[in-house]
*Asks:* 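This is the structure, below, for whatever I ask next.
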Amino acid sequence: MALLETRGLTASYGDFQALFGVDIMVGSGETIAIIGANGAGKTTLMRSISGVLANAPASILYRDEPIGALPAPDILARGIAMVPEGRKLFPSLNVEENLLVGNYGRKIDGPWTLESIFALFPILKERRNNPATALSGGQQQMVAIGRGLMSNPALLLCDEISLGLAPVVVRDIYGAFPLIRETGASIVIVEQDIAQALKVADRVYCMMEGRVTLSGRTADLSRADIHKAYFGTD
Ligand code: ATP
């Protein structure tokens with residue numbers, strides 16, 4: 001069953017159109033990767049789904065309800081959380097406080113609590129009282145993912161979580177994904193690191209210049225298919 005669908009989704013920044021009729025579907029419990037070069041529209045797609053950019057109501061369906069025009073807090077309350085590109089942690093707050101921002105300090109039913117996030121990323125427990133900005137890039141990314149999980153989302157959107165991190169750190173962070181999946185959450189990851197995306201995703205959408213140029217089950221896509229959809233050349 002589809003948890004989320006976009007239908008003919010368009011998005012513009014002023015006169016500049018960034019998305020041209022994007023159709024994607026995320027099934028319940030699925031992990032989806034959105035890949036594509038710089039400027040393909042991946043972040044714009046994430047911003048549209050998470051309510052940062054307003055869209056036509058019926059261009060985004062969540063549990064079969066039109067949510068395209070809802071503001072970001074309403075989208076979060078319905079169970080869609082975003083881990084934004086660049087992490088966007090609060091520099092004046094410590095690690096624990098940054099995590100608590102994810103559920104506005106309320107208890108939200110589900111597997112994710114401060115304690116279970118500390119079990120997922122033990123280093124965050126050690127650093128819980130440190131300012132978020134005192135952490136390494138990889139640890140900050142763990143805080144951003146933990147903050148997203150604190151709302152116990154049915155759908156977690158992760159935008160470029162490996163950007164700027166060393167491969168060994170990326171591996172540690174992606175090591176948490178099987179546990180996140182086990183809770184039944186659906187996950188959408190936006191990645192420029194294609195190899196990493198293909199390792200974790202059930203299905204992949206490739207975008208170029210605001211359009212989906214390829215989609216399919218990860219196991220069915222050849223490197224040549226992906227290369228062509230990513231770069232537009234053979
Ligand atoms: P990246 O990997 O660089 O984040 P992306 O695939 O996420 O790329 P978007 O950030 O969605 O791409 O950008 C899509 C297009 O929209 C690009 O041409 C970009 O220059 C443009 N764009 C993005 N944000 C804005 C903005 N705030 N104002 C104007 N144009 C924008």
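Whatever order the structure lists them in is the order used to number ligands and atoms, beginning at 1.
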*Asks:* Within the 4.0 Å heavy-atom shell around Ala37, which atoms of ligand 1 are there?
*Replies:* 6 (O)
*Asks:* Where do Arg128 and Phe118 come nearest, in terms of heavy atoms and distance?
*Replies:* CZ-CE1, 3.6 Å
*Asks:* Ignoring hydrogens and angles, state whether a donor on the side chain of Thr218 or Arg203 is under 3.5 Å from an acceptor on the partner side chain.
*Replies:* no
*Asks:* Give a yes/no verdict on whether any heavy atom in Gly41 is under 4.0 Å from an atom of ligand 1.
*Replies:* yes
*Asks:* Please could you name the atoms of ligand 1 that Ala18 approaches to less than 4.0 Å, counting only its heavy atoms?
*Replies:* 16 (O)
*Asks:* Is the closest heavy atom of Met46 to ligand 1 under 4.0 Å?
*Replies:* no
*Asks:* So which heavy atom in the protein is nearest atom 31 (C) of ligand 1, and how far is it from that ligand atom?
*Replies:* Tyr13 CD1, 3.3 Å
*Asks:* Look at Arg7 together with Glu5 and state whether they make a salt bridge at an N to O cut-off of under 4.0 Å.
*Replies:* yes
*Asks:* What residue and atom, counting heavy atoms only, is the protein's closest point to atom 2 (O) of ligand 1, and at what distance?
*Replies:* Gln192 NE2, 2.8 Å
*Asks:* Distance under 4.0 Å to a non-hydrogen atom of Glu85: what atoms of ligand 1 satisfy this?
*Replies:* 4 (O)
*Asks:* Assess the side chains of Asn98 and Gln140: does a donor N or O sit below 3.5 Å from an acceptor N or O?
*Replies:* no
*Asks:* Quick check on contacts: which atoms of ligand 1 are under 4.0 angstrom from a heavy atom of Thr44?
*Replies:* 9 (P), 11 (O), 13 (O), 14 (C)
*Asks:* Quick one: does atom 19 (C) of ligand 1 have a protein heavy atom under 4.0 Å from it?
*Replies:* no
*Asks:* If you have a sec, work out which protein heavy atom is nearest atom 3 (O) of ligand 1 and how many Å separate them, to one decimal?
*Replies:* Asn38 OD1, 3.2 Å
*Asks:* Would you mind listing which atoms of ligand 1 come within a distance below 4.0 Å of any non-hydrogen atom of Glu160?
*Replies:* 2 (O)
*Asks:* Distance to 0.1 Å, residue and atom name: give those for the protein heavy atom nearest to atom 10 (O) of ligand 1.
*Replies:* Thr43 CB, 3.6 Å
*Asks:* Taking atom types as modelled and ignoring hydrogens, do the side chains of Thr43 and Glu85 form a donor-acceptor contact shorter than 3.5 angstrom?
*Replies:* yes
*Asks:* Is Ala40 close to ligand 1, meaning an N/O of one under 3.5 Å from an N/O of the other?
*Replies:* yes
*Asks:* Does this structure show an ion pair linking Arg87 with Asp159, if we count only N-O contacts that are shorter than 4.0 Å?
*Replies:* no
*Asks:* Could you tell me whether Glu191 and Lys42 have a side-chain N and a carboxylate O separated by less than 4.0 Å?
*Replies:* no
*Asks:* Would you say Gly14 contacts ligand 1, with heavy atoms under 4.0 Å as the rule?
*Replies:* no
*Asks:* So, the side chain of Asn94 versus the backbone of Asn130: is there a donor-acceptor pair under 3.5 Å, distance only?
*Replies:* no
*Asks:* Report yes or no: does a heavy atom of Met207 sit under 4.0 Å from some atom of ligand 1?
*Replies:* no
*Asks:* From atom 27 (N) of ligand 1, is the closest protein heavy-atom distance below 4.0 Å?
*Replies:* yes
*Asks:* Could you tell me, atom by atom, which parts of ligand 1 come under 4.0 Å of a heavy atom of Arg47?
*Replies:* 24 (N)
*Asks:* Any nitrogen or oxygen of Phe16, main chain or side chain, under 3.5 Å from a nitrogen or oxygen of ligand 1?
*Replies:* no
*Asks:* Of all the heavy-atom pairs spanning Val22 and Gly210, show the shortest one and how long it is.
*Replies:* CG2-O, 3.5 Å
*Asks:* N/O to N/O below 3.5 Å, does that happen between Gly39 and ligand 1?
*Replies:* yes
*Asks:* For residues Tyr174 and Phe177, establish whether the separation of their ring centroids is below 6.0 Å.
*Replies:* yes
*Asks:* Give a yes or no on whether Gln192 atom CD has more than 12 heavy-atom contacts from other residues, nucleotides or ligands under 6.0 Å away.
*Replies:* yes
*Asks:* Which distance, rounded to the nearest 0.5 Å, do you find between the CG of Asp23 and the OG1 of Thr6?
*Replies:* 5.5 Å
